[in-house]
Amino acid sequence: YYRTGEVRITSNMSLPEVREACDYFLIPFSIDVVKCHNIGALMHELSNDGARTKFEMFLESVILPVMFVAAENGERECHIVILNEDDVVEWDDDYPPHLGEDLVQAIYNTQLYRFFKYMEN
């Protein structure tokens, strides 16, 4: 890397291990620096980075404020349900909420819903 500005990964090298080495030596892990034949694995590693960054953003801007409000109200538990912005949940006499579900905090955020739709996130 220090001579060419690139990290070339051969087919017998583990991409996650190269990733750890790049982090250790403070080498940027990006498509401009890392060159490999297994584009799918590289995209998976880069996608994981993007998912971590996106989750931190959602956590700070959407999830934590709801948790703080529950804590300020003296709640010891906070059950959060993520819904699409256009979802509607209605309770009536025939279908009341289950015990404890009346304390559920609903976050209506389609982007956050789509983010959590994928198991890897």
Side-chain angles (χ1 to χ4, degrees):
Y1 168 77
Y2 296 108
R3 283 186 276 152
T4 63
E6 294 180 348
V7 176
R8 294 213 173 264
I9 302 173
T10 60
S11 59
N12 61 345
M13 297 171 73
S14 167
L15 197 58
E17 289 176 7
V18 171
R19 171 57 197 248
E20 287 181 31
C22 286
D23 289 345
Y24 181 78
F25 290 111
L26 301 175
I27 296 171
F29 191 85
S30 69
I31 197 73
D32 298 325
V33 175
V34 178
K35 306 297 180 192
C36 72
H37 294 287
N38 189 348
I39 300 298
L42 178 60
M43 295 305 293
H44 182 76
E45 285 293 322
L46 293 173
S47 176
N48 286 345
D49 286 348
R52 275 187 216 97
T53 302
K54 199 169 206 178
F55 177 73
E56 289 173 3
M57 186 267 307
F58 282 135
L59 183 66
E60 291 175 8
S61 65
V62 180
I63 298 171
L64 283 178
V66 173
M67 293 174 69
F68 288 149
V69 168
E72 287 175 346
N73 290 333
E75 298 293 331
R76 299 290 182 192
E77 295 179 3
C78 183
H79 302 271
I80 298 175
V81 176
I82 311 296
L83 301 168
N84 281 316
E85 292 168 359
D86 57 349
D87 285 345
V88 176
V89 179
E90 295 182 15
W91 301 113
D92 58 20
D93 293 335
D94 294 331
Y95 299 102
H98 296 289
L99 184 61
E101 288 187 9
D102 52 337
L103 301 176
V104 170
Q105 304 294 322
I107 296 176
Y108 293 92
N109 188 311
T110 301
Q111 290 179 338
L112 185 58
Y113 176 83
R114 287 181 183 158
F115 178 81
F116 280 121
K117 188 167 88 171
Y118 296 98
M119 182 177 279
E120 289 185 35
N121 291 339

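Heavy-atom basis, side chains included; hydrogens, waters and symmetry copies ignored. Sequential numbering from 1 along the given sequence is applied to the chain's residues.
Taking 4.5 Å as the limit, every side-chain heavy atom of Cys78 sits out of range of all side-chain heavy atoms of Phe68. Side-chain contact between Asn38 and Ile9: absent, with no pair of heavy atoms (C-beta onward) separated by less than 4.5 Å. By the 4.5 Å heavy-atom criterion applied to side chains, Ile107 and Tyr113 are not counted as neighbours.
Transitive grouping of hydrophobic side chains (ILVMFWY, heavy atoms separated by less than 4.5 Å) brings Tyr24 and Tyr2 into a common cluster. Hydrophobic clustering places Leu15 together with Phe25 (ILVMFWY residues linked when any side-chain heavy atoms are closer than 4.5 Å, directly or through intermediates). Linking ILVMFWY side-chain heavy atoms closer than 4.5 Å, directly or via other members, places Phe58 and Ile80 in a single hydrophobic cluster. Using a 4.5 Å cut-off between side-chain heavy atoms of Ile, Leu, Val, Met, Phe, Trp and Tyr, with links allowed through other members, Val69 and Met67 fall into different hydrophobic clusters.
Minimum heavy-atom separation, Ala106 to Leu83: CB-CD1, 4.2 Å. Cys36 and Leu42 make their closest contact through SG-CB, 3.8 Å (heavy atoms, listed as atom of the first residue, atom of the second, distance). Contact detail for Lys35 and Ile31: the closest heavy-atom pair is NZ-O, 3.2 Å. Between Ile82 and Phe116, the shortest heavy-atom distance links the atoms CG1-CD1, 4.2 Å. Shortest non-hydrogen contact noted between Tyr108 and Asn84 is CD2-O, 3.3 Å. When all heavy atoms are compared, the tightest approach of Phe29 to Leu46 is O-CD2, 3.7 Å.
The salt bridge (charged side-chain N to carboxylate O under 4.0 Å, His left out) analysis of residues 16-33, with sequence neighbours excluded, yields the pairs Arg19-Asp23, Arg19-Asp49.
Ring orientation note: the planes of Phe55 and Phe115 are close to parallel, at an angle under 30° on the 30°/60° scale.
Rounding to the nearest 0.5 Å gives a distance of 10.0 Å between CG of Leu112 and NZ of Lys54. The distance from atom OG of Ser30 to atom CD of Glu45, rounded to the nearest 0.5 Å, is 13.5 Å.
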